[in-house]
Trainee: 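One structure is given below, represented as C-alpha cells, and several questions about it will come after.
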Amino acid sequence: MAISYAAIPSSSSSTHLPDDDTIGDSESLLQKLNETEDSSILHEGEQPTTLDDELFASAPSQKRVLGLGSSVFLIFNRIIGTGVFATPSSILASSGSVGLALLLWVIGAIIASAGLAVYIEWGTGLPRSGGEKNYLEYVYSRPKFLVTCMYASYACLLGWAAGNSVVFGEYILHAADVEVTRWNQRGIALVCVTFAWLVHTVTLNWGLRLQNILGTFKLAVLVLIALSGFAALAGHVRLPEQDKPHNFQRPFEGTTSNVNGLVTGLYNVIWSFIGYSNANYAMGEMKNPIKTIKRAGPIAMASVTVLYLLINIAYFAAVPKTEILTSGRIIAALYFRNMFGPSAEKVLSIVVALSALGNVMSVIFSHGRVNQELAREGVIPFSSFFASSKPFGSPFNALGLHWLMCVVLIVGPKPGDAYNLVLNVVSYPLAVINAAISAGLIYVYVFRSSDWNPPFRAPLLVTVFFLLSNVFLSVAPLVPPLPGHQVYESLPYYLHVVVGLGVLALGALYWLMYWVVLPRLGHYTLERIVVVKQQDGVPMASFVEVPT
C-alpha cells in the first residue's frame with residue numbers, strides 16, 4: 001500500500017473544490033480540478049504557507065468568530081452541566097465523610113488542571129480545529145490514518161449531547177408539574193438537541209450569543225449558591241435549631257476505609273471536571289487562537305474550581321449529612337428547600353434544565369467541528385458532504401451527523417440498563433484517548449524535542465500525572481462496585497468498557513478494510529490530494545485510486 005499526501009496550506013490560499021465529488025483515476029481527477037476555476041491542488045513535496053504563528057490553523061480570518069468570552073463559556077458550559085447539582089451526594093456516600101469528600105474535589109481539580117495544561121500545550125503547538133484528532137495524528141503517524149479512523153469511530157458514532165438533552169426534558173416536565181414518561185421526556189429531548197443544532201448552523205452568531213447568555217445565567221446561579229453558603233455557615237437555615245446541620249464540627253467522622261469506595265468517589269469527581277478540552281475542538285474559529293486558548297482555559301478552570309468547592313461547602317453547611325445520604329434526592333434540591341423554602345425546589349428544576357441546555361449547545365458546537373475536520377481529512381464516508389459549509393457558512397452537515405447520533409441514543413435504547421450503558425459508552429473512550437495523547441506528549445518530550453517548540457509547555461511531571469489519572473479512569477470501571485452502587489441492574493458492571501473499546505476497534509477494522517484489504521484485492525493504491533475551497537478558505541483532502 002502506498003499513500004502520498006500533500007501539505008495543507010494556510011488561509012492565504014483562495015481556491016475551490018468542485019461540488020461534484022465523484023472520484024475516478026488520479027489523472028481524470030487532476031484534469032477536472034485543474035479545469036475548475038478557483039481550484040488549486042497541492043502535490044506531495046509542496047510546502048504550506050506560513051501565517052504568523054498559525055501554520056496549522058486553516059480557517060480564514062472572516063470565519064474566526066470566537067473571542068475570549070465565547071471560548072471561556074465553551075469550556076465552562078461543557079464542564080458544568082447537571083452534575084454539580086447531583087453528584088456531591090454520591091461522592092459523599094462513597095467517601096463517608098464531608099472532609100474527605102471535599103478533599104476528593106480538590107484532587108479532581110488538580111487532575112483537571114493538569115489535563116488543561118496538556119491540552120493548552122497541544123493547542124498552542126497545533127492551533128487548528130479538531131482537538132485530539134490532530135494530537136493523535138502528530139504522534140501516532142504510522143500506519144497512516146489508523147489512529148485517525150479509530151478516533152473518527154469514537155467522534156462520529158457517539159452522541160455526547162444526548163444525555164443532557166434527556167435531563168433537559170425531565171426537568172422541564174418537573175417545572176411544569178407534568179408527569180414524566182418515557183416519550184414526553186424524550187420528545188422534549190429531541191426538541192432540545194434539534195434546537196441546538198439549528199441555532200448553531202442557521203444563525204451562528206446568535207447561537208454563540210445564546211450559549212454565552214446561558215453560561216452567564218448558569219454562572220450567576222452558581223455564584224448565588226456559593227455566596228448564600230456563607231449565610232448557611234452562619235446558621236441562617238430554614239430548619240429548627242435541633243435539625244440544623246453541624247457537618248464541619250467533625251468533618252472526617254465516618255471516613256471510609258474501603259478502597260473501592262474511594263475509587264468510586266474519585267472517579268465521579270474527575271468526570272465532573274471533564275470538558276476542559278472543549279475549546280480545543282474549535283481553535284480554527286478563534287480570534288488569535290494561541291493567545292485565546294492560553295487565557296480562556298485557566299479562566300474557565302479557575303472559575304469552575306472555586307465554584308465547585310464553595311458550592312460543596314454551601315451544601316454541607318445547609319443540609320444535614322444523614323439527610324443527604326438517605327433522601328435519594330439531588331443535593332441541590334435539599335439546599336434550595338432549606339435556604340429558600342419548599343417552593344424554591346421548582347425554581348431549581350428550571351435552573352437545572354437551562355444548565356443542561358447550555359451544556360448541549362456547547363457540546364453540539366464543538367463536536368460538529370470535530371466531525372467536519374475528520375471529513376476534511378477525507379477519512380470518513382461521504383467526506384465532501386460532511387466537510388461542506390453550505391448553505392449557511394457553518395458545518396451544517398457535520399453538526400447534523402452529531403445530531404443524528406444523539407437522536408438514535410435518545411429514542412433507541414429503552415429506559416434502564418440499556419440506556420445507562422449507552423451513556424457510559426459515550427464517556428469511557430475519552431479516558432483512553434486522553435491517556436494516549438498524554439503518553440504521546442511524553443514521547444515527544446523524550447524523542448522529538450527538537451521538532452516541538454510550542455508557545456506553552458506543560459511540565460513533564462504534570463503530563464505524567466495526567467497520564468496516570470487517565471490510566472486510573474480506564475482501569476477503575478473494572479473494579480467491582482460496592483453493594484448498593486451497582487452500575488447496572490442486570491448487565492455486567494464492566495460492559496461499557498468492552499463496548500467502548502469495541503467502538504475504537506471498529507475504526508481500526510474500517511481502516512484495515514479501506515486502506516489495506518480492498519487496495520490489495522483491487523490492485524490499486526490510494527493517493528491523497530489536498531484542495532483548498534475558496535468558499536471556506538480551508539483545505540480538504542480526497543483519496544483517489546491509482547491502479548497498480
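Just so you know, these numbers use all the heavy atoms, side chains as well, and skip hydrogens, waters and symmetry mates.
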Trainee: For the side chain of N312 and the backbone of L102, is there at least one donor-acceptor N/O pair under 3.5 Å apart?
Mentor: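 No, N312 side chain to L102 backbone: no donor-acceptor pair under 3.5 Å.
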Trainee: Let me confirm one number: the CZ-CG distance from F85 to L222, rounded to the nearest 0.5 Å.
Mentor: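 Result: 5.0 Å between the selected atoms.
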Trainee: Quick check: closest heavy atoms across A282 and F365, and the distance to 0.1 Å?
Mentor: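 So the two residues come closest at CB-CE2, 3.8 Å.
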Trainee: Strictly distance-based, threshold 3.5 Å: is any side-chain N or O of K218 a donor or acceptor partner for the main-chain N or O of L354?
Mentor: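 Flag not set: sc K218 to bb L354 has no pair under 3.5 Å.
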Trainee: List the atom of V360, the atom of V193, and the distance in Å for their closest heavy-atom pair.
Mentor: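 Here V360 and V193 meet closest at CG1-CA, 4.3 Å.
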Trainee: Any salt bridge linking R337 with E323? Criterion: basic side-chain nitrogen under 4.0 Å from a carboxylate oxygen.
Mentor: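 E323 and R337: salt-bridged.
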Trainee: Looking only at heavy atoms, what is the nearest atom pair of A226 and L310, with distance?
Mentor: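 Minimum heavy-atom separation between A226 and L310: CB-CB, 3.7 Å.
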Trainee: Quick check against the 3.5 Å criterion: does T201 have a side-chain atom that pairs as donor or acceptor with the backbone of F396?
Mentor: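 It does not hold such a pair.
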Trainee: Would you please name every residue forming a salt bridge (charged side-chain N to carboxylate O under 4.0 Å, His left out) with E132, sequence neighbours left out?
Mentor: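 Per chain and number, E132 pairs via salt bridge (charged side-chain N to carboxylate O under 4.0 Å, His left out) with no residue.
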Trainee: Is it true that, when you exclude Y494 itself, more than 12 heavy atoms of the residues, nucleotides or ligands shown sit nearer than 6.0 Å to its OH?
Mentor: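 No, not enclosed.
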Trainee: Side-chain contact, heavy-atom cut-off 4.5 Å: L357 with C192?
Mentor: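 Heavy-atom side-chain distance check passes, below 4.5 Å.
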Trainee: Any heavy-atom pair between the side chains of I270 and F472 that's under 4.5 Å?
Mentor: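 Counting from C-beta outward, F472 and I270 do come under 4.5 Å.
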Trainee: Check for a donor-acceptor pair, side chain of Y335 on one end and backbone N or O of G229 on the other, with a separation under 3.5 Å.
Mentor: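 Flag set: sc Y335 to bb G229 pair under 3.5 Å.
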Trainee: Shortest non-hydrogen contact from A231 to M339?
Mentor: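 A231 and M339 have their closest heavy atoms at CB-CE, 4.3 Å.
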Trainee: For the residue pair S355 / Y171, report whether a side-chain donor-acceptor contact shorter than 3.5 Å exists.
Mentor: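 The criterion, which ignores hydrogens and geometry beyond distance, is not satisfied for S355 and Y171.
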Trainee: Rounded to the nearest 0.5 Å, what separation is found between the CD atom of E170 and the OG1 atom of T181?
Mentor: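 Answer for the CD-OG1 pair, E170 versus T181, is 11.5 Å.
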Trainee: Using modelled atom types only, decide if a donor and an acceptor are shared between the side chain of S366 and the backbone of Y281 within a distance under 3.5 Å.
Mentor: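 Judged by distance alone, no pair lies under 3.5 Å.
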Trainee: Sub-3.5 Å donor-acceptor pair from the side chain of N247 to the main-chain atoms of V319, do we have one?
Mentor: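 Side chain of N247 to backbone of V319, a donor-acceptor pair under 3.5 Å: yes, one is there.
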Trainee: What do the steps show when you test Q211 against W206 for side chain to side chain contact (heavy atoms under 4.5 Å, CB included), and what is the final call?
Mentor: CA-CA 8 Å; Q211 186 170 285; W206 277 105; over 6 Å; no
Trainee: Could you tell me how the ring of W271 sits relative to the ring of Y267: parallel (under 30°), tilted (30 to 60°) or perpendicular (over 60°)?
Mentor: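 W271 and Y267: perpendicular rings.
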Trainee: Indicate yes or no: at least one non-hydrogen side-chain atom of S362 is less than 4.5 angstrom from one of F76.
Mentor: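 S362 does not reach F76 side chain to side chain.
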Trainee: Please state whether the rings of H367 and W160 are parallel, tilted or perpendicular, taking 30° and 60° as the class boundaries.
Mentor: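 Geometry flag for W160 against H367: parallel rings.
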Trainee: Let me see the working for S438 and N470 under side chain to side chain donor-acceptor pair (under 3.5 Å), right down to the final yes or no.
Mentor: CA-CA 9 Å; S438 50; N470 280 283; 5.0 Å; no
Trainee: Looking at OG1 of T292 and CD1 of I299, how far apart are the two atoms once the value is rounded to the nearest 0.5 Å?
Mentor: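 Here the rounded value is 10.0 Å.
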Trainee: Supply the atom-to-atom distance L157 CG to H402 NE2, rounded to the nearest 0.5 angstrom.
Mentor: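 L157 atom CG to H402 atom NE2 measures 11.5 Å (nearest 0.5 Å).
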Trainee: Quick one, R369 and L399 - any side-chain contact, counting heavy atoms below 4.5 Å?
Mentor: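 R369 reaches L399 side chain to side chain.
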Trainee: Do the side chains of E373 and K133 get close enough for a salt bridge, i.e. N-O under 4.0 angstrom?
Mentor: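 Looking at E373 and K133, the cut-off is not met.
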Trainee: Before giving the answer on side chain to side chain contact (heavy atoms under 4.5 Å, CB included), spell out for V106 and L309 the whole-Å C-alpha distance, their side-chain angles and the decisive distance to 0.1 Å.
Mentor: CA-CA 8 Å; V106 171; L309 293 176; 3.9 Å; yes
Trainee: List the steps, then state whether side chain to side chain contact (heavy atoms under 4.5 Å, CB included) holds for L198 with W403.
Mentor: CA-CA 10 Å; L198 292 178; W403 170 84; over 6 Å; no
Trainee: Quick one, L126 and W122 - any side-chain contact, counting heavy atoms below 4.5 Å?
Mentor: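 Counting from C-beta outward, L126 and W122 do come under 4.5 Å.
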Trainee: W105 and side chain to side chain contact (heavy atoms under 4.5 Å, CB included): which single residue from I110, T305, T87, L100 fits?
Mentor: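 The side chain to side chain contact (heavy atoms under 4.5 Å, CB included) with W105 is passed solely by T87 among I110, T305, T87, L100.
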Trainee: Side chains of Y119 and N278: any donor to acceptor distance under 3.5 Å?
Mentor: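 The answer is no; no qualifying pair exists.
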Trainee: Measure the shortest side-chain to side-chain distance between L173 and Q185 over non-hydrogen atoms and say whether it is less than 4.5 angstrom.
Mentor: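 Contact flag for L173/Q185 side chains = yes.
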Trainee: For a ring pair (Phe, Tyr, Trp, His ring centres under 6.0 Å) check, start with the C-alpha distance between F273 and Y308, then their side-chain angles and the critical distance, and finish with the verdict.
Mentor: CA-CA 10 Å; F273 281 96; Y308 271 178; 4.9 Å; yes
Trainee: Please assess I274 against R78 for the test side chain to side chain contact (heavy atoms under 4.5 Å, CB included), listing each intermediate value before the final yes or no.
Mentor: CA-CA 8 Å; I274 289 297; R78 175 64 183 88; 4.2 Å; yes
Trainee: For a 4.5 angstrom cut-off between non-hydrogen side-chain atoms, does W183 reach I188?
Mentor: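 Heavy-atom side-chain distance check fails, nothing below 4.5 Å.
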Trainee: Would you check if the side chain of H200 reaches a backbone N or O of M361 as a donor-acceptor pair within less than 3.5 Å?
Mentor: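 Side chain of H200 to backbone of M361, a donor-acceptor pair under 3.5 Å: yes, one is there.
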Trainee: Could you check whether atom CZ of R250 has more than 12 heavy atoms from other residues, nucleotides or ligands sitting under 6.0 Å from it?
Mentor: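 Incorrect, the count does not exceed 12.
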Trainee: Nearest 0.5 angstrom please: S228 OG to N338 CG, how far?
Mentor: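 The distance works out to 11.5 Å.
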Trainee: Please test N359 against N77 for side chain to side chain donor-acceptor pair (under 3.5 Å), starting from the C-alpha separation and ending with a verdict.
Mentor: CA-CA 5 Å; N359 179 272; N77 275 322; over 6 Å; no
Trainee: So, using salt bridge (charged side-chain N to carboxylate O under 4.0 Å, His left out) as the criterion, who are the partners of R295 when residues are at least two apart?
Mentor: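 R295 satisfies salt bridge (charged side-chain N to carboxylate O under 4.0 Å, His left out) with no residue once adjacent residues are dropped.
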Trainee: Which atom names give the shortest non-hydrogen contact between S113 and M301, and what distance separates them?
Mentor: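 Where S113 meets M301 most closely, the heavy atoms are OG-CG, 3.8 Å.
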Trainee: Donor-acceptor pair, distance only, cut-off 3.5 Å: does the side chain of E121 make one with the backbone of R457?
Mentor: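 No, E121 side chain to R457 backbone: no donor-acceptor pair under 3.5 Å.
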Trainee: Distance from Y151 atom OH to N134 atom CG, nearest 0.5 Å?
Mentor: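 Answer for the OH-CG pair, Y151 versus N134, is 8.5 Å.
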Trainee: Counting neighbours of CG on L478 that are heavy atoms of other residues, nucleotides or ligands and sit closer than 6.0 Å, is the number greater than 12?
Mentor: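 Yes, enclosed.
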